[in-house]
Amino acid sequence: MQGVILENINTPEDLRRLPISDLPELARELRHYIVDTLASHPGHLASSLGTVELSIALHYVFNTPDDKVVWDVGHQAYAHKILTGRQQQFHTIRTYGGISGFPRMDESPYDAFGTGHSSTSISAALGMATASKLQGNTSRQHIAVIGDGAMTGGEAFEALNNAGVSKANILVILNDNGISIDKAVGGLSRYLVKITSSQKYNRIKEHVWRTTGGDDKPLKGRNFISKSLSALKSSLLSSSNLFESLGFRYFGPIDGHDVEQLVEVLSSLRKLNGPKLLHIVTKKGKGMKKAEQNPVTYHAPGKYDAETGLQLRTDKSHQPLKYQDVFGHTIIELAEQNDRIVGITPAMSTGCSLNLMMQCIVSKYI
């Protein structure tokens with residue numbers, strides 16, 4: 001069911017006519033619409049619930065589709081689809097003849113790049129920014145929205161390495177929710193936790209920015225404050241900022257569910273040229289208790305009760321096993337015969353069913 005504000009939003013132009021004070025209510029209506037629709041038309045739920053406010057803020061601040069937004073991974077872009085002319089077709093998502101579950105360039109001019117899984121967004125946005133520069137267009141904005149899971153991909157690191165020294169007009173938004181499909185692991189995940197958990201820095205940053213009138217200062221003044229805060233952050237974290245070391249101006253971390261703050265920050269960043277990275281912290285499954293509590297299960301939960309969030313049971317006895325489940329059970333059989341076999345996951349254990357092997361090891365040895 002559409003809300004009063006949402007039913008009148010057919011394009012980002014409609015969105016931009018709203019007063020900023022209406023945006024929190026729009027986020028509530030949009031989140032409810034996603035939950036209500038996907039209950040009977042299954043799709044990727046938890047990821048898109050986490051990017052509702054960001055989707056609103058991006059289309060509110062930037063002149064899309066002339067400004068280019070690349071979503072990575074693509075299954076976090078449902079709110080983006082609803083806001084860009086596909087609200088009436090949203091119930092057809094992931095069905096034959098319906099709209100795609102991922103951004104598609106042939107589906108909408110607002111889908112700047114076809115993205116599924118994953119880590120391609122920064123490279124794509126950098127290419128677009130370089131092309132705009134060669135064409136003499138210095139005003140177009142290029143935004144890559146990348147999840148913390150996708151950021152660990154090799155192509156993302158290569159793109160960061162190139163973009164940081166390119167002086168391209170590119171904004172990377174790191175959507176940090178601590179989980180991709182499964183819980184995030186590895187060095188980058190630990191590094192992001194270290195940044196977001198530095199309460200001392202965040203308290204000082206907020207105090208300095210507020211008391212010096214950061215957003216009301218002239219651009220040079222804001223730049224000076226930002227540089228001073230970056231130096232402070234490096235000191236407090238006892239190491240240089242990874243992204244600033246690569247040539248990006250780093251901003252954040254900020255609350256990715258405060259839509260008014262997102263609009264304020266994005267409006268400021270739009271005025272700054274060169275490579276920038278905004279670190280936002282979000283909650284996968286935001287606004288739906290079941291999805292927040294179990295974001296892995298509710299990544300793509302199938303049909304569920306829209307009111308309670310409980311998954312609806314379906315008879316799968318007549319259905320063949322999924323390919324990955326055949327692999328998961330087979331690798332267990334082989335590993336029981338050969339103790340030298342080691343399972344290596346392609347980012348997420350559930351997507352390849354190596355979680356079955358993990359569960360087997362836990363139950364047997366721990």
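- T64 and D66 share no donor-acceptor pair across their side chains, judged by distance under 3.5 Å alone.
- Electrostatic pairing of K284 and E292 does not count as a salt bridge here, judged by no charged N lying under 4.0 Å from a carboxylate O.
- You'll find the side chain of V145 stays beyond 4.5 Å of the side chain of L174, heavy atoms only.
- The shortest non-hydrogen separation linking D22 to I5 is O-CD1, 3.9 Å.
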| said: Pair V281, N177 - check side chain to side chain contact (heavy atoms under 4.5 Å, CB included), show working. | reply: CA-CA 6 Å; V281 179; N177 60 20; over 6 Å; no
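- When side chains are defined from C-beta on, E155 counts as touching T120, because their heavy atoms get closer than 4.5 Å.
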| request: Step by step, work out the side chain to side chain contact (heavy atoms under 4.5 Å, CB included) result for F90 and I93. | output: CA-CA 6 Å; F90 185 60; I93 199 161; 3.7 Å; yes
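- Going from atom CG of L38 over to atom CE of M288 covers 9.5 Å, rounded to the nearest 0.5 Å.
- Enclosure of atom CZ in R270 by more than 12 non-hydrogen atoms of other residues, nucleotides or ligands within 6.0 angstrom is indicated.
- In this structure a side-chain-to-backbone donor-acceptor pair under 3.5 Å is present from S48 to H75.
- A donor-acceptor pair is defined here as one N or O able to donate and one able to accept, closer than 3.5 Å; such a pair exists between the side chain of Y78 and the backbone of H44.
- By the rule that hydrophobic residues join a cluster once side-chain heavy atoms approach within less than 4.5 Å of another member, F102 and Y110 end up as members of separate clusters.
- When all heavy atoms of Q76 and T51 are compared, the pair lying nearest together is O-OG1, 2.7 Å.
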| query | Could you go step by step and tell me if V172 and F248 meet the side chain to side chain contact (heavy atoms under 4.5 Å, CB included) rule? | reply | CA-CA 9 Å; V172 176; F248 281 79; 3.8 Å; yes
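- Here E158 contributes atom CD and I122 contributes atom CD1; the two are 11.0 Å apart, rounded to the nearest 0.5 Å.
- Counting all heavy atoms, side chain and backbone alike, A129 lies closest to N169 at CB-O, 4.0 Å.
- A heavy-atom distance below 4.5 Å is not found between the side chains of P275 and F243.
- Of the possible polar contacts, one joining the Q311 side chain to the P301 backbone as a donor-acceptor pair under 3.5 Å is found.
- Side-chain contact between S108 and R86: present, with at least one pair of heavy atoms (C-beta onward) separated by less than 4.5 Å.
- Checked by atom type and distance alone, the side chain of D67 pairs as donor or acceptor with a backbone atom of Q141 at under 3.5 Å.
- Residues R31 and R28 have side chains not in contact (no heavy-atom distance under 4.5 Å, counting atoms from C-beta outward).
- Defined by atom type and a distance below 3.5 Å, a donor-acceptor pair is present between the side-chain atoms of H142 and S132.
- Placement of L334 and I332 within a single hydrophobic cluster is found when ILVMFWY residues are connected by side-chain heavy-atom separations under 4.5 Å, directly or transitively.
- Atom CG of residue L246 and atom CG of residue L277 lie 10.0 Å apart, to the nearest 0.5 angstrom.
- Contact of the Q324 side chain with the L354 side chain is not registered, since no non-hydrogen atoms from C-beta on lie closer than 4.5 Å.
- Taken from CG in L45 to OG1 in T297, the straight-line distance is 11.5 Å, to the nearest 0.5 Å.
- In terms of modelled atom types and a separation under 3.5 Å, the side chain of D14 and the main chain of N10 share a donor-acceptor contact.
- Under a 3.5 Å cut-off, the side chain of S121 and the backbone N or O of D72 do not form any donor-acceptor pair.
- Rounded to the nearest 0.5 Å, atoms CD1 (I20) and CD1 (I56) are 11.0 Å apart.
- Considering all non-hydrogen atoms of both residues, Q135 and R140 come closest at OE1-NH1, 4.2 Å.
- For the pair L126/S166, a side-chain contact is recorded, criterion being any heavy-atom separation below 4.5 Å from C-beta on.
- Residues L30 and A79 come closest through the heavy atom pair CD2-CB, 3.7 Å.
- Residues I143 and F251 are members of one and the same hydrophobic cluster, defined by side-chain heavy-atom contacts under 4.5 angstrom among Ile, Leu, Val, Met, Phe, Trp and Tyr.
- Between I280 and G256 the shortest heavy-atom distance is CB-CA, 4.1 Å.
- The backbone N or O of L18 sits less than 3.5 Å from a side-chain atom of Y60, completing a donor-acceptor pair.
- Here the side chains of L54 and L58 are in contact, with some heavy-atom distance below 4.5 Å.
- The aromatic rings of H279 and Y250 sit perpendicular to each other, their planes meeting at more than 60°, with 30° as the lower class boundary.
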| said: Apply side chain to side chain contact (heavy atoms under 4.5 Å, CB included) to residues T282 and K286 and explain how you reach the verdict. | reply: CA-CA 8 Å; T282 62; K286 173 70 174 178; over 6 Å; no
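- Without hydrogens or angle criteria, T92 side chain to I99 main chain gives a donor-acceptor distance under 3.5 Å.
- Checking side-chain atoms of K322 against main-chain N and O of S353 turns up no donor-acceptor pair under 3.5 Å.
- Between the side chain of T115 and the backbone N or O of W71, at least one donor-acceptor pair lies under 3.5 Å.
- To the nearest 0.5 angstrom, T308 atom OG1 is 7.5 Å from K290 atom NZ.
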